[in-house]
Amino acid sequence: MFSLSESASGSLSFRDRSSVSPHFRPGPRPPARGAPQGAGDYMAGLNPEQRLAVETTEGPVLVLAGAGTGKTRVLTTRLAHILATGKARPWELLVVTFTNKAAREMRERITHLIGPSAEGLRWLGTFHSVAAQILRRHAELVGLKSSFTILDMDDQERVLKQLLEAANIDTKRWTPRSLSGMIDHWKNRGWTPDTLPAGEDFANGKGKGLYAAYQARLVSLNACDFGDLLLHNLTILGKNPALAEDYRRRFKYILVDEYQDTNVAQYLWLRLLSSSTGNVCCVGDDDQSIYGWRGAEVDNILRFERDFPGAKVIRLERNYRSTSHILGAASGLIEANKGRLGKTLWTEADGGEKVRVQGVWDGEAESRLIADEIETQRRAGRKYSDIAILVRASFQMRAFEERFVLLAIPYTVVGGPRFFERAEIRDAHAYLRLIQSEDDDLAFERIVNTPKRGIGDTSVQKILAIARQHNLSALTAVRGLINTDELQARTRTALSNFVRDLDRWRAMAGTVTHGELTETILEESGYTDMQRADRASGQTRLDNLKELTQSMQAFDSLQAYLEHVSLVMDLDRGAGEDAVQIMTLHAAKGLEFPLVFLPGWEEGVFPSQRSIDEKGEKGLEEERRLAYVGVTRAREDARISFAANRLVYGRWTSQLPSRFVDELPIDHVQAESDTGYYGAGPGLKEAKSRWDDTPVFGAGYSSPGWKRAQSFTASTTPRDRMARNAVIEGKGRLIATGDPKASSNWARGERVFHQKFGYGAIRAIEGNKLVVDFEKAGEKKVIDTFVEKT
DNA sequence: CGTAACCTGGTTTTT
DNA sequence: CCAGGTTACG
């Protein structure tokens, strides 16, 4: 499945030959793709701005590429152009992306344009994989061996937990996870323990010390984490100007994809590898910056012209993906953001369907609505794989999955737990790592008693304590402990068997393939037996392990394989089948679908409460960009929905429609509501409210939800009527009727009835929200339009 | 040393 | 509500 090629210098490049569904291939449509090769031909079909972006090779360039404007095409053509005109040779180009998927796609497309010489693009990869390549060459400058291992988050947290415990810090109050987040954040900003600014801290003054201790521990494990790959680069290049100069001369042209998602460390790294007048081309879209929460600085792209004086800015604004209504809705939405460079997307694809906005009673009704619509579309000839459901958070996925299983609609969840994060895969890797490196204490801990060998926690702790005392690795310590009286006889026997097995496997390593070796280890260690005994999920895990041993065969060294796994490997699962795609909005970036459903546009869900609480206006703007990304994924049809009630963590909560719904320009939107929270105003004739004629939900449906909706429909309180007549105001935007400032006609202590919660008394009034003490359901916050006076 | 009750926290996620 | 982790017991 994976092919590996070794370039002259010994560096490795990987390509995944597995086929990928065509819908995962973004790219401009009208100009024919795959133009015939030959000098100049690669330019055919580019529009003037795209052509300019390709031909402006000298000096700093910022390409602002809006959604669906053919960004990848421009990037690859630009590279082809530089190579075809002989301005540089493949190994003189530095090309960085964020994801492996993007890197892989770029390599494929360049290969398509220029042929096999694309193999020479040694410095094309993710920030992290390129940084890892550089770090392996100079590892000794930061105290590592060039064979260092790269820890994932799990390992990282394990180390941190030990450090926290050693420092007698309450790991409940100060969790390893939050410390790991903190350290990550520091590394993202380019701060080492020495340069950590005052004020940055963890656990009341222990932050700096813990950070330093963690770094020291990593060195002793001959390991580094993801953040270190870049941070160590900064240290090495910063302290060795001659070396940095060397790299600057080497990289004649630098190309950066998704520049809006770079963090400070990545920015500094780029600055070290380029001069301010250098040939640096950054491509991005400030409106699609959605990774601020993990350190991305939109500022980097907003500041580009100041950072690189004389930089040329080229805007790609012609959209080849979506209809004008979709584009209009998305553009209107994003206009509400302040900090942006500004772009106006346009298309020649006029008309199409307006973006449909639908309000429903609850989450269940929402999934029912969407599932029904999918079936309708299916009958009309649309493929399942043309349809995507994009959610803000993964908890929203379950409702759809349940519904789809019920109706036998095929679906795939994109993202989710990753193959290499599964316990069984990590266990197998731990065995391999321990064979590879005696120092890998983390691997030792992981598998010393998996499967059970009678080496319990107390024994392991004792071993680790002794190892630390003598400054030895755990495994080395064990070799000694086998022959002393410090451990119980039974434990010693178990340990000595374990060590003997390890040594035998290590001896085998040279004589058999990695796949065979892994199979032998898993069999002889009893690991497979352990899984076979597990009726519940043992078979799945064994299947996963089978897949693992197979994909390993393609690598010619264990070291190469392990590097690939920790840095590069990701599997395209579920691609190719005809199935509805369910994924988060984040996972959808860069993809496109004919029909896109965007459920859960409710305050608190989207925008998510936390992003607003934690980051205020900045967080809100990022959420809005996320909404923009969501809408612009759609080619023909975008459907937004929101529910009035939702089950969150097992509790019913009343929901307000998202402010983003209000922000959609009315000209491009068709709105409907089942609950009356939004309705058809005078100007929205075509969006006939279902209130007046047909029952809210289709006939034949009979769940409690239906009854609730029915009785709710029948209620005629004044506020209900008001709510139904949602109005269009001001500059042609939908305005929610739930006006927080409307004078309340409720009184504290008043008895009310709620369709879902029953009878209760009003405790407090907050704008249009009431805190009600319900007799059965307890205290709840509800929207006033959903209760009646009794 | 292993299992069962209990508790707690709970976006987004790549490398 | 529910998964994962910790504590309390046998």
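Proteins come first, then strands; the chains are lettered A, B, ... in the order of their sequence lines, and each starts at number 1.
When side chains are defined from C-beta on, A:W269 counts as touching A:V130, because their heavy atoms get closer than 4.5 Å.
Between A:S394 and the phosphate of B:dT12, there is a side-chain N or O to OP1/OP2 separation shorter than 4.0 Å. Here A:N100 does not reach the OP1 or OP2 of B:dT14: none of its side-chain N or O atoms lies under 4.0 Å away.
Base contact: A:S611 has a heavy atom under 4.0 Å from a base atom. Across all strands shown, A:T126 has heavy atoms under 4.0 Å from sugar-phosphate atoms exclusively, and none from any base. Heavy atoms of A:E623 sit under 4.0 angstrom from at least one base atom.
Per the geometry, NZ belonging to A:K101 stands 10 Å off P belonging to B:dT14, to the nearest Å. Rounded to whole Å, the distance from CD1 on A:I290 to C1' on B:dT12 is 8 Å. With rounding to whole Å, A:K618 atom NZ is found 22 Å from B:dT12 atom P. Rounded to a whole Å, the CZ atom of A:R173 is 11 Å from the P atom of B:dG9. Atom pair A:R625:CZ and B:dT12:P shows a separation of 18 Å (rounding to whole Å applied). Rounded to a whole Å, the CG atom of A:N263 is 21 Å from the P atom of B:dT12. Atom CD1 in A:I183 sits about 22 Å away from atom P in B:dT15, given to the nearest Å. For the pair A:Q266 CD and B:dT15 C1', the interatomic distance rounds to 9 Å; values are reported in whole Å.
Mapped onto DNA chain B by nearest heavy atom, A:Q609 and A:F226 fall at different nucleotides, with A:Q609 at the one closer to the 5' end. Comparing A:G227 and A:E622 along DNA chain B, the residue whose closest nucleotide (by nearest heavy atom) sits nearer the 5' end is A:E622.
Here A:H586 and A:W293 bring their ring centres to under 6.0 angstrom of each other. Note: A:Y411 and A:F400 fail the aromatic proximity criterion, with ring centroids not under 6.0 Å apart. Taking the six-membered ring for Trp and the full ring otherwise, the centers of A:H429 and A:Y561 sit less than 6.0 Å from each other.
Listed by first then second residue, pairs satisfying ring-ring contact (aromatic ring centres under 6.0 Å, His included) with a partner in residues 161-182 of chain A read A:W174-A:F202, not counting sequence neighbours.
Considering only side-chain atoms of A:S608, the nucleotide from B:dT11, B:dT14, B:dT13 that sits closest is B:dT11. Listed nucleotides B:dT11, B:dT13, B:dT15 differ in distance to A:A393; the shortest reach to its side chain belongs to B:dT11.
Using a 4.0 Å cut-off between charged side-chain N and carboxylate O, A:D155 and A:R433 make a salt bridge. Salt bridge annotation for A:K589-A:E258: present, with a cationic side-chain nitrogen under 4.0 angstrom from a carboxylate oxygen.
Nearest heavy-atom pair across A:L144 and A:V219 is CD2-CA, 4.1 Å.
By the salt bridge (Lys or Arg N to Asp or Glu O under 4.0 Å) test, A:R136 pairs with A:E563, sequence neighbours left out. For A:Y259, the ring pair (Phe, Tyr, Trp, His ring centres under 6.0 Å) partners two or more places apart in sequence, or in a different chain, are A:F304.
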Test salt bridge (Lys or Arg N to Asp or Glu O under 4.0 Å) on A:E622 and A:R625; report intermediate values, then the result.
CA-CA 5 Å; A:E622 182 154 318; A:R625 290 193 291 268; 3.5 Å; yes
Tabulated below should be each protein N or O lying under 3.5 Å from an N or O of nucleotides 1-5 of chain B; please produce it.
residue	atom	partner	partner atom	Å
B:dC1	OP1	A:G456	N	2.6
B:dC1	OP2	A:T458	OG1	2.5

What is the per-nucleotide protein-contact pattern of nucleotides 1-6 of chain C, from the 5' end, where B denotes a base atom under 4.0 Å from a protein heavy atom, S denotes such proximity for sugar-phosphate atoms only, and - denotes neither?
BS---S
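No option in A:R659, A:R392, A:R646 other than A:R659 meets the salt bridge (Lys or Arg N to Asp or Glu O under 4.0 Å) test with A:E603.
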Give the dot-bracket line for DNA chain B from 5' end to 3' end: parentheses for intra-strand Watson-Crick or G-U pairs under 3.5 Å, square brackets for crossings, | for inter-strand pairing, dots for unpaired.
||||||||||.....
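Residue A:R392 places a side-chain atom within donor-acceptor reach of the base of B:dT12, judged by atom type and a 3.5 Å distance cut-off alone.
Here A:F98 does not lie in a stacked arrangement on the base of B:dT14, lacking the combination of planes under 30° and ring centres under 5.5 Å apart.
The aromatic rings of A:H138 and A:Y247 sit perpendicular to each other, their planes meeting at more than 60°, with 30° as the lower class boundary.
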